[in-house]
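Encoded as structure tokens, the structure appears first; notes follow it.
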Amino acid sequence: MSVDPYHQVQSEIQSSLLAAEQLRASFLRIRSTAREGNEELEWARNEVRVELVWMVYRDRAHRLLISPH
């Protein structure tokens, strides 16, 4: 039996949101103890940005696959 695309996308979005939430929490923890320009802070900031870019990319890709053209 095939998986409903809606449920597959919903699951992927929930996983992405959880990952982004965890990265954000990590970033905020690091930011609260590090000085601006700190290498670990910059790394954490970039990880959050990358995850957000991937979330947007996956969302757009799913919309193209699901939309009735």
Side-chain angles (χ1 to χ4, degrees):
M1 181 163 60
S2 66
V3 176
D4 182 348
Y6 172 83
H7 294 293
Q8 182 179 358
V9 171
Q10 181 184 32
S11 176
E12 289 177 21
I13 290 171
Q14 288 173 339
S15 294
S16 293
L17 288 172
L18 180 59
E21 192 175 302
Q22 291 169 344
L23 283 172
R24 181 179 179 273
S26 177
F27 169 74
L28 292 175
R29 180 183 45 77
I30 293 167
R31 188 179 73 178
S32 72
T33 61
R35 295 177 188 226
E36 190 62 38
N38 176 285
E39 186 176 326
E40 186 179 13
L41 179 60
E42 293 302 318
W43 180 86
R45 182 178 286 132
N46 287 332
E47 285 293 308
V48 171
R49 287 179 180 151
V50 167
E51 182 62 29
L52 292 174
V53 167
W54 273 110
M55 286 175 65
V56 169
Y57 172 79
R58 285 189 298 258
D59 176 63
R60 289 181 180 170
H62 287 302
R63 287 173 190 253
L64 288 174
L65 292 173
I66 294 175
S67 67
H69 283 91

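Just so it is clear, the values below take in all heavy atoms, side chains as well, and ignore hydrogens, waters and symmetry mates.
Between atom CG of residue Asn38 and atom OG1 of residue Thr33 there is a gap of 7.5 Å, rounded to the nearest 0.5 Å. Distance check: Gln14 CD to Glu12 CD gives 11.0 Å after rounding to the nearest 0.5 Å. Separating the OH atom in Tyr57 from the OG atom in Ser16 is a distance of 13.0 Å, to the nearest 0.5 Å.
For the pair Glu40 and Arg31, the salt-bridge criterion is not met [side-chain N within less than 4.0 Å of a carboxylate O]. A salt bridge does not link Glu21 to Arg24: none of the charged side-chain nitrogens sits closer than 4.0 Å to a carboxylate oxygen.
A donor-acceptor distance shorter than 3.5 angstrom exists from the side chain of Ser15 to the backbone of Ser11, with no hydrogens or angles considered.
Leu17 and Val50 fall into different hydrophobic clusters, where Ile, Leu, Val, Met, Phe, Trp and Tyr are joined by side-chain heavy atoms under 4.5 Å apart, directly or via other members. Under the 4.5 Å side-chain contact rule for hydrophobic residues, Leu28 and Ile30 share a cluster. At a threshold of 4.5 Å between side-chain heavy atoms, the hydrophobic network of Ile, Leu, Val, Met, Phe, Trp and Tyr places Leu52 and Ile13 in one connected group.
The two residues Met55 and Ala20 come nearest to each other via the heavy atoms SD-CB, 3.7 Å. Nearest heavy-atom pair across Glu51 and Leu23 is CB-CD1, 3.6 Å. Heavy atoms only, all atoms of each residue included: Leu41 and Arg35 are closest at CD2-O, 3.8 Å.
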Requested in this report: Show your reasoning for whether side chain to side chain contact (heavy atoms under 4.5 Å, CB included) applies to Glu47 and Phe27.
Outcome: CA-CA 9 Å; Glu47 285 293 308; Phe27 169 74; over 6 Å; no
